[in-house]
Every structure is written in C-alpha cells, then in structure tokens.
**Student:** 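Let me give you the structure first, and then I'll get to my questions.
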There are 2 protein chains.
Amino acid sequence: MSAIEALIGEFGRLPGIGRKTAQRLTYHLLKGRPDDSRRLSAAIDRVLAEVRPCGECGNLSSEAPCEYCRNSRREAALICVVEEASDIAAIEASGRFRGRYHVLGGRLSPLDGVGPDELNVARLLERLDDGITEMIIATNPSVEGEATAAYLHRAASRFPGLRVTRLARGLPVGGDLEYADGVTIAEAFSGRREM
Amino acid sequence: MSAIEALIGEFGRLPGIGRKTAQRLTYHLLKGRPDDSRRLSAAIDRVLAEVRPCGECGNLSSEAPCEYCRNSRREAALICVVEEASDIAAIEASGRFRGRYHVLGGRLSPLDGVGPDELNVARLLERLDDGITEMIIATNPSVEGEATAAYLHRAASRFPGLRVTRLARGLPVGGDLEYADGVTIAEAFSGRREM
C-alpha cells in the first residue's frame, strides 16, 4: 500500500472521519509545511509516552497524581463521578465545580460485558471512605448512564453520612422547547423549580 | 503545555476539525490500543519521508515517476489538467478517463499573488509540445478555476493541432433542480443536448 493510501486509511479509522475527510486531511498535510505534519506525529508519540491514568481518580494525565488531585485549592471532600476523562473538560468549562473527579472509564453495560469490575469502582469506594461528604454523579443522561448512577447510589449506601446527588436533567439552555424530546420535557416538568 | 493539550491543539489545526472534534480524536487515541496511535503517527512520518511531487506531472506519489505517468497502458496523448493532486482520485473513481494527468498545484489567484509562475504551468507547456492531442481542463467550476482554464486555453493556442476541452457543467446527477443555483441551471441550458 502506498504511503498516501496508508495515511488515508489511518485517518479513516478515527471516529467520525470518513474516507473523503481522510483524503482531505492527508492532502492537507502533503500540501502544508513538513514541520506541521511532524508536530502532529510527535504530539501523538508524546501522548503515548507520557499520558497515564491517574492512580487516584483515573483521569488521563501526564502528571501523577493528575492536576485536579494535586491541586490543594480544590475541595477534597467533593467528588464528581464521570464516565470518561474527556467529560472533565466539559465540566471544567462550566466553571461550576471546584472539587475533585473520579473517572469510571465507561458505564455499566451488561450486554457488552461491562460490569462494576470492569470500571474504576473499587477505587471510588475506597475514596468515598476517606472524608468525602458529597458524591455528584455526572454519568451521561442515557439508559446506561442512569443504570450506572443507580448502581453507584446503592453502592454508596454503606456510607451513611455521604450525600449522593445527580446532575439535573431538563431543557438544555438555548434549546427550543418545540424540538425537545418528550422524555426531556417530562424530566423538566418533574424537576421544575419555584421562580 | 500538557501532552494532551498539545495533541488537541495539533488536531485542531487540521481543516474542518474544531476544538470539540480535536478533543474527541485525542481521547479516542488515548482510550484505544497504543498500536493504533503508533500506526497513525508512523503513517504521517512515512508520508513525509516518501511522498514527492512527480517530476513529470506534479502528482504527489511515493514513486517517481508516479503510477499514472509510468503506466504504459494509459493513453499518453491525452492529458487532464487538475488543480490539486487530490482531484485525481475523484476523476479515477469515475472510471471515465484513461489518459495521463497534470497537476497545477493550485489556481490562478492574482489577489493571493498566485500567477502562472507559481503554478506547474511551464512543465505543462513542455509536455503539450510532446505529442499530446487533447488537453482536458478539469479545474474547478469556480471563478478562479474558470480564469485558470481560460489562461491555459490561450497559452495552448501556440499548439495548432491540440484539441482543448473543458469538463461539462450542468445539473449534478442525483441532484434536485429545485435546489440548483441559477448559474448552474443557466449552464445546463446552454449546454443542453439532443435526446
């Protein structure tokens, strides 16, 4: 296989990148400065060499422990549980959470053979035993995310002083009621608040 | 900058890839098998090391001359002029052309300082002098592509036996007349054919 075909193939294996886009990316690199391409391949190699799951929370980071676990200005008694490390960036962008994280590395999915043992749950329970006052469950608002949240809620019942909360569901800000699905609207009704 | 941030930044420099997509690609590689990431960075490095413009036609290829110029079963007297090497794949996919190619490496664009000297035109004129019977101009149906085609048409007038043609413009197959723009419909009228 030619070098060009090989690179189109590798780009095409990435999620959301079809053959046309893979071709466009490949020819973009070919037309551009070689240094730009070199920086991209070096950045991939660097991530492979440096990034590891944080032993504390499971976040992916070049540092051990990760930037959130080592930051003493974040509230150590508050823990936000997410499915993936990539969810942390979205929460950080909201600017509303100043505690620590715990990354499950997925969600419960019995059909795919993913049970609690396949997720970073045992370490979470150890951490909950260590002075945590609130666990905010921020798994996705999907069937599997809800099942995972319910499982964590039950598993946390052994810590009587622990407050367990779940991110609110409702209409997305800036969204249009007309285009919201029925389940979301039903959640928005049952979670309605006094004005 | 962290390794993760650096890779998100490099992905984000690619065309059509915004920050969200760059994050998704980065975490996809982090979640996947290290070998998959290694193959991507190796494919980029291989393209950098191997691929060069063909000295004959300007196509980007690991071989010199490129696969089309060295293929003796393609008609050497027919030449199809394209703006970019990436256009060749689209023409090959049509299966309707069995001649050779010439890659200009862009289009005339005086505002961007791109004149004939910035394009692979001198070599084209040398090739036209060497037994070519037809030059099919396949520059894009854009203002700049048309200007480039007109320039090549004039430049080729010094070869009296040479037939110069341009790809037909009209309604795209499978398209909807209702959504076609006026200029395309006008072209379709003036290029209409007997049934």
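Keep in mind the model is a prediction, meaning the values are calculated, not measured. Residue numbers start from 1 in every chain, and the chains themselves are labelled A, B, ... in the order their sequence lines are given, proteins ahead of strands.
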**Student:** Is B:Leu48 in contact with chain A via its backbone, its side chain, both, or neither, using a 4.5 Å heavy-atom distance?
**Tutor:** side chain
**Student:** Of all of A:Ser2, A:Pro34, A:Ala6, A:Pro15, which one pairs up most often with chain B through heavy atoms under 4.5 Å apart?
**Tutor:** A:Pro15
**Student:** Does the distance from a Lys or Arg side-chain N to an Asp or Glu carboxylate O, for A:Glu92 and A:Arg74, drop under 4.0 Å?
**Tutor:** yes
**Student:** Can you say whether B:Ile17 sits under 4.5 Å from chain A via the side chain, the backbone, both, or neither, judging by heavy atoms?
**Tutor:** side chain
**Student:** Find the distance between CG (A:Leu40) and CG (A:Asp45) and round it off to the nearest 0.5 Å.
**Tutor:**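 So the CG of A:Leu40 and the CG of A:Asp45 are separated by 9.5 Å.
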**Student:** Where on B:Val47 is there a heavy atom nearer than 4.5 Å to chain A: the side chain, the backbone, both, or neither?
**Tutor:**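 For B:Val47, heavy atoms of backbone and side chain both lie under 4.5 Å from chain A.
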**Student:** What option among B:Val51, B:Thr26, B:Ile8 has the most heavy-atom pairs under 4.5 Å with chain A?
**Tutor:** B:Val51
**Student:** Do B:Glu134 and B:Thr165 meet the criterion of a side-chain donor-acceptor pair at a distance under 3.5 Å?
**Tutor:** yes
**Student:** If I measure from the heavy atoms of chain A, does B:Leu29 come under 4.5 Å with its side chain, its backbone, both, or neither?
**Tutor:**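 Side chain only.
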**Student:** Going by an N to O cut-off under 4.0 Å, is there a salt bridge joining B:Arg169 and B:Glu146?
**Tutor:** yes
**Student:** With the threshold set at 4.0 Å, does a side-chain nitrogen-carboxylate oxygen contact exist between A:Glu5 and A:Arg19?
**Tutor:** yes
**Student:** Side-chain heavy atoms under 4.5 angstrom apart, residues restricted to Ile, Leu, Val, Met, Phe, Trp, Tyr: same cluster for B:Ile136 and B:Leu124?
**Tutor:**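 The answer is no; the residues belong to distinct hydrophobic clusters.
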**Student:** Do the side chains of B:Arg127 and B:Asp130 get close enough for a salt bridge, i.e. N-O under 4.0 angstrom?
**Tutor:**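 Here B:Arg127 does not pair with B:Asp130 in a salt bridge, since their nearest N and O are not under 4.0 Å apart.
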**Student:** Which residue out of A:Ala43, A:Ser62, A:Ser86 racks up the most heavy-atom pairs below 4.5 Å with chain B?
**Tutor:**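 The option with the most such pairs is A:Ser86.
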**Student:** Heavy atoms only, distances under 4.5 angstrom: which of B:Ser61, B:Ala85, B:Ala49, B:Ser41 has the most pairs with chain A? Name it, please.
**Tutor:** B:Ser41
**Student:** Is it the side chain or the backbone of B:Ala89 that comes within 4.5 Å of chain A heavy atoms, both, or neither?
**Tutor:** side chain
**Student:** At a heavy-atom separation under 4.5 Å, does B:Glu84 approach chain A through its side chain, its backbone, both, or neither?
**Tutor:** side chain
**Student:** Between the side chain of A:Asn120 and the main-chain N/O of A:Gly105, is any donor-acceptor distance below 3.5 Å?
**Tutor:**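 Looks like no, no N/O pair under 3.5 Å.
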**Student:** Of the listed residues (B:Glu50, B:Arg13, B:Gln23), which shares the most heavy-atom pairs with chain A below a 4.5 Å separation?
**Tutor:** B:Arg13
**Student:** I need the residue from B:Arg38, B:Glu63, B:His28 with the largest number of non-hydrogen atom pairs under 4.5 Å to chain A.
**Tutor:**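 Result: the option with the highest number of such pairs is B:His28.
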